[in-house]
There are 2 protein chains.
Amino acid sequence: MKSTTPSRKTSRAAYLAHIPAAEAALRGKADRVTQPRVAILACLMSMDHAASHFDVAQALATHHPIDRVTVYRVLEWLVEKGIAHRIAGDDRVWRFMVGAPRAPVATHHQHAHFTCTDCGQTFCLDDVPTKFDFKLPSGFKPAEVDLKFRGRCSHCA
Amino acid sequence: MKSTTPSRKTSRAAYLAHIPAAEAALRGKADRVTQPRVAILACLMSMDHAASHFDVAQALATHHPIDRVTVYRVLEWLVEKGIAHRIAGDDRVWRFMVGAPRAPVATHHQHAHFTCTDCGQTFCLDDVPTKFDFKLPSGFKPAEVDLKFRGRCSHCA
DNA sequence: TGCTTATTGCAACTCAGTTTGTATTTGCAA
DNA sequence: TTGCAAATACAAACTGAGTTGCAATAAGCA
């Protein structure tokens with residue numbers, strides 16, 4: 001078992017700093033604001049890139065160890081509640097990030113994903129201004145768009 | 001084990017009709033034109049939607065059974081040779097289609113993928129005329145784009 | 001036809017993720 | 001503070017996609 005995002009781990013300080021924000025974000029959405037939920041959400045918030053379940057579990061391992069099944073369940077629950085969203089990677093591993101899910105068609109500001117071919121990390125690029133001019137074959141009724149880039153990220157360029 | 005694309009299977013007639021074309025496509029690219037390669041490529045050619053390894057194996061099961069490992073290897077080999085390309089699905093399954101791979105950035109005609117939320121099938125939409133006007137955050141150097149739609153396909157609309 | 005070697009078939013394996021079940025803990029409200 | 005439902009921990013078994021190693025086969029060529 002190896003980390004899917006080897007470099008640039010979340011610092012513990014950054015994680016702790018996001019705990020209040022994580023709690024606040026959960027207050028409205030959750031019946032119960034539990035420690036694992038807060039910890040996992042704070043962990044996601046402190047990252048600038050998408051994290052796999054394993055990344056999350058490992059990031060919290062020393063400070064606040066959480067059962068891997070719970071990590072799975074909480075991450076799925078965060079997605080269900082619209083607090084986070086997940087991205088299918090090229091390596092069949094789900095990665096998670098805080099924020100809105102897939103963007104509806106016909107917005108001019110697109111939520112895009114950028115996967116670095118160098119360091120392997122996936123970033124969310126919010127508000128990518130794109131002008132779509134779709135001419136899909138007749139009969140195809142799109143509801144959502146996913147925009148995915150591959151290339152060099154700002155850290156590896 | 002369930003099929004990933006339950007409806008609208010490849011008919012055997014359509015598959016047989018594509019065998020000569022498949023052989024011709026392989027002649028230039030392959031050292032050896034083997035039966036599994038021809039069969040699998042003909043199978044891909046006869047489909048109008050993306051097929052998983054399992055779909056291919058199942059489609060050929062009765063007429064021309066091929067070991068599932070061979071299906072994996074041949075499909076990967078087809079991608080490597082530029083004869084087919086693969087798409088990462090939302091269910092952690094690779095799907096394959098004949099044709100060119102990912103489009104480079106800065107082309108105005110985009111090779112897009114459309115996944116139907118109803119029947120679950122993924123289609124390739126070639127030559128989708130899109131006018132991209134990317135403004136990625138500074139430092140991000142994109143090399144490839146993936147454009148992915150979700151919605152209702154022409155069969156389910 | 002026989003030779004050579006790429007390719008195939010088979011079996012066993014890895015790995016991410018899921019499921020189930022039970023005992024325990026904990027958030028929250030009465 | 002107490003009671004209770006919801007959530008977590010832990011263990012274990014399971015699923016399903018994809019991989020690896022090796023012996024057997026068959027495509028192309030002389």
Side-chain angles (χ1 to χ4, degrees), chain A residues 1-5 19 22-41 43 50-58 60-61 64-81 83 86-96 120 122, chain B residues 1-6 19 22-23 26-41 43 50-58 60-61 64-81 83-84 86-96 120 122:
Chain A
M1 254 199 208
K2 59 182 191 303
S3 169
T4 53
T5 60
I19 285 185
E23 277 187 20
L26 290 173
R27 284 286 160 209
K29 302 265 189 176
D31 303 5
R32 297 194 182 181
V33 179
T34 64
Q35 286 186 19
R37 286 176 178 175
V38 172
I40 290 171
L41 181 53
C43 179
S52 67
H53 70 280
F54 180 77
D55 295 328
V56 172
Q58 188 171 275
L60 298 172
H64 189 310
I66 296 174
D67 187 75
R68 67 187 201 99
V69 177
T70 303
V71 173
Y72 277 113
R73 282 196 273 234
V74 169
L75 286 173
E76 198 165 333
W77 178 86
L78 286 172
V79 171
E80 191 184 295
K81 293 292 176 184
I83 301 170
R86 61 176 166 186
I87 314 157
D90 288 347
D91 54 359
R92 311 194 319 125
V93 173
W94 292 113
R95 287 185 176 71
F96 297 81
T122 297
Chain B
M1 249 197 212
K2 59 183 195 296
S3 169
T4 53
T5 60
I19 286 186
E23 277 188 20
L26 289 173
R27 284 288 161 207
K29 302 264 189 175
D31 302 7
R32 296 188 182 184
V33 179
T34 64
Q35 285 188 17
R37 285 178 178 174
V38 173
I40 290 170
L41 181 53
C43 179
S52 67
H53 71 278
F54 179 78
D55 296 327
V56 171
Q58 187 170 275
L60 298 172
H64 190 310
I66 296 173
D67 188 76
R68 65 190 202 95
V69 176
T70 304
V71 174
Y72 276 112
R73 283 196 272 233
V74 168
L75 285 173
E76 196 165 337
W77 178 86
L78 287 171
V79 171
E80 192 184 295
K81 292 293 177 183
I83 300 170
R86 61 176 166 185
I87 314 155
D90 289 345
D91 53 359
R92 316 193 315 127
V93 174
W94 290 112
R95 286 187 175 72
F96 298 80
T122 298

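To find a chain, count down the sequence lines: A is the first, B the second, and so on, and within it residues start at 1.
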note = Closest to the side chain of B:Val74, out of C:dT8, D:dT8, D:dG18, is C:dT8
request  = Please report the shortest heavy-atom distance between A:Ala50 and A:Ile87, naming the atom on each side.
outcome  = CB-CD1, 3.9 Å
query = Is the distance from OP1 or OP2 of D:dT8 to the nearest side-chain N or O of A:Thr34 less than 4.0 Å?
reply = yes
query = Just checking A:Val33: base, sugar-phosphate only, or nothing, at a heavy-atom cut-off of under 4.0 Å?
reply = sugar-phosphate
ask   = Within this structure, what is the CD1-to-C1' distance between A:Ile40 and D:dA7, rounded to whole angstrom?
value = 12 Å
message = Please find the pair of heavy atoms, one from B:Lys29 and one from B:Lys81, that lie closest to each other, and give the distance.
response = NZ-O, 3.4 Å
inquiry  = If I take atom CZ in residue A:Arg37 and atom P in nucleotide D:dA9, what distance separates them, rounded to the nearest angstrom?
reply    = 11 Å
message = Please determine whether a side-chain nitrogen or oxygen atom of A:Trp94 lies at a distance below 4.0 Å from atom OP1 or OP2 of C:dA16.
response = no
ask   = Which part of the nucleic acid, if any, lies within contact of B:Asp31, taking any heavy atom under 4.0 Å across all strands shown: a base, the sugar-phosphate backbone alone, or nothing?
value = sugar-phosphate
request  = Using whole Å, report how far CZ of B:Arg68 lies from P of C:dT7.
outcome  = 21 Å
request  = Take atom OH of B:Tyr72 and atom C1' of C:dC10, then tell me their distance rounded to the nearest Å.
outcome  = 15 Å
note = note: B:Asp91, atom CG; D:dT15, atom C1'; distance rounded to Å ~ 14 Å
request  = Find the distance B:Leu75:CG to C:dT7:C1' and express it as a whole number of Å.
outcome  = 15 Å
task = Figure out the CH2/P separation between B:Trp77 and D:dT19, and round it to whole Å.
result = 17 Å
ask   = Is the backbone N or O of A:Leu75 less than 3.5 Å from a side-chain atom of A:Arg86, with the two atoms forming a donor-acceptor pair by type?
value = no
inquiry  = How close do B:Arg95 and B:Ser52 get, counting heavy atoms only, and between which atoms?
reply    = CG-N, 4.0 Å
inquiry  = Can you tell me which nucleotide in C:dC28, D:dA17, C:dT18 comes closest to the side chain of B:His53?
reply    = D:dA17
Shortest side-chain distance from A:Arg32, nucleotide among C:dT7, C:dC28, D:dT8 = C:dC28
ask   = Any side-chain N or O of A:Arg86 less than 4.0 Å from the OP1 or OP2 oxygen of C:dA16?
value = no
note = Comparing B:Gln35 with A:Arg92, nearest DNA chain D nucleotide closer to 5' gives the residue A:Arg92
inquiry  = Quick check for you: among D:dA11, C:dG9, C:dG27, whose closest atom lies nearest to any side-chain atom of A:Val69?
reply    = D:dA11
ask   = At under 4.0 Å between heavy atoms, what does B:Arg73 touch on the DNA or RNA strands: base, sugar-phosphate, or nothing?
value = base
message = Taking the side chain as everything from C-beta on, heavy atoms only, tell me whether B:Ile40 gets closer than 4.5 Å to B:Thr34.
response = no
inquiry  = In this structure, how many angstroms lie between the P atom of C:dT8 and the NE2 atom of B:His64, rounded?
reply    = 10 Å
